[in-house]
Amino acid sequence: RRNLAPACATRCENGMKVKTSSLRVLNARKTVLELILSDHPNDCLICPKSGNCELQNLAVKLKIREIPFAGERNILPIETSPSIVRDMSKCIYCRRCEMMCNEVQTVGALGAVNRGFISTIAPAFDEPLSNSACTFCGQCVAVCPVGALTEVDHTNRLISDLSNPKKTVIVQTAPAVRAALGEEFGLTPGTSVTGKMVAALRQLGFDKVFDTDFAADLTIMEEGHEFIRRVKDGGVLPMITSCSPGWVNFMEMFYPELIPHFSTAKSPQAMFGTMLKTYYAQKTDIDPSKIVSVSIMPCTAKKYEAQRPEMSDSGYRDVDIVLTTVELGQMIRAASIN
């Protein structure tokens, strides 16, 4: 064919011969990349995605050493929600987040807004995420190839607490973390690194390391008793677990009529935090106001859940700091732990 064919939109046909590395193709790729970079911030050194950025990797691969196109840049304000940071000045308009939000998660919080040079991906009417249908599940963050969507970073706050001798910093780790953390260090996906993870957390300075599995067992008991009461007393059935904050957010946003079906039990993360600042504090004779409750979770919705007003009915915030698996990996590397 006369023109270069876009790989993402060209159907394969019998007899087709595809050349993916001709000089014409390589030159086209380089030109397109230079055009993208001409409207992209040059703050790679301080970008949260530095070292794990597809745009950065492509620039290295295609040996981009200068940007020949100069002109106006689309500079947009940075928005910080309870879980997700949006820096749309870095958006390359790949629309992966939009597809993930609309077609996979079926939330529909993100879509293309405006046209031409000022177009971007945002909630309807360019509203903040907090005013949209966003459930803070973080799947858009997971697929974003650049620094346009990142999780809210709590590592600096945690480092400050770990350095404070007056604080007792206690961490809980979700079951999924032990099977995902290894990927951050080049291990085969799914490799269990439980022992290495605990050792690394202790080297980082955590006073105690617990497994959220314990709180999951508590949740099972609480939900089991609640289910029995509902069956005996004619309560609302079926009963739906409230373990996942992303699921809870989704139901509250799209199916509020089903809220009575939710279990009234907290999630394992919140339940552990409650036990930590009540039962555990009493048993160890530690002032709960001096306890910093940290959780390592696989989902950014946990950051949102920790800030919900009902997650402090003991008089103290159940969970003070939530880190994702990625953030823990970054902290381990920063501390030069092997």
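This is a predicted model, so every value here is computed, not measured. Heavy atoms only: backbone and side chains are in, while hydrogens, waters and symmetry mates are out.
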K303/E327 ion pair, N-O < 4.0 Å: yes
One pair to check against side chain to side chain donor-acceptor pair (under 3.5 Å): K302 and S295. What are the steps and the verdict? CA-CA 9 Å; K302 293 289 185 181; S295 67; over 6 Å; no
Rounded to the nearest 0.5 Å, what separation is found between the CD atom of E223 and the CZ atom of F262? 10.5 Å
So that I can tick it off, tell me whether K266 and E222 are bridged by a salt bridge, with the cut-off set at under 4.0 angstrom between side-chain N and carboxylate O. no
So does D287 pair up with K277, basic N to acidic O under 4.0 Å? no
Taking CG in D285 as the centre, count heavy atoms belonging to other residues, nucleotides or ligands within less than 6.0 Å. Is the count above 12? no
Out of curiosity, L35 CG to F69 CZ, how far, rounded to the nearest 0.5 Å? 4.5 Å
Under 4.0 Å between a Lys/Arg side-chain N and an Asp/Glu carboxylate O for E252 and R308? yes
For a side chain to side chain contact (heavy atoms under 4.5 Å, CB included) check, start with the C-alpha distance between Q172 and M297, then their side-chain angles and the critical distance, and finish with the verdict. CA-CA 9 Å; Q172 58 168 309; M297 295 285 144; 3.9 Å; yes
Answer yes if the ring centres of F214 and F210 are under 6.0 angstrom apart, and no otherwise. no
Scanning both residues in full, the closest heavy-atom pair of R29 with T20 reads NH2-O, 2.8 Å
Taking distance alone, no hydrogens or angles, what donor-acceptor pairs closer than 3.5 Å link side-chain atoms of residues 110-119 to residues at least two apart or in another chain?
{"from": "S119", "atom 1": "OG", "to": "G116", "atom 2": "O", "distance (Å)": "2.8"}

Could you tell me whether R11 atom CZ has more than 12 heavy atoms of other residues or ligands within 6.0 Å of it? no
Above 12 or not: heavy atoms from other molecules or residues under 6.0 Å from CE of M253? yes
Taking atom CE of M16 as the centre, report whether more than 12 heavy atoms of other residues, nucleotides or ligands fall under 6.0 Å from it. yes
Side-chain donor-acceptor contacts of residues 189-202 below 3.5 Å, not counting sequence neighbours, with atom names and distances?
{"from": "T191", "atom 1": "OG1", "to": "T188", "atom 2": "O", "distance (Å)": "2.5"}
{"from": "S192", "atom 1": "OG", "to": "T194", "atom 2": "OG1", "distance (Å)": "3.2"}
{"from": "R202", "atom 1": "NH1", "to": "F206", "atom 2": "O", "distance (Å)": "2.7"}
{"from": "R202", "atom 1": "NH1", "to": "D207", "atom 2": "O", "distance (Å)": "2.7"}

For Q105 and F250 the tightest heavy-atom approach is O-CE1, 3.8 Å
With a 4.0 Å cut-off on N to O distance, would you call R317 and D320 a salt bridge? no
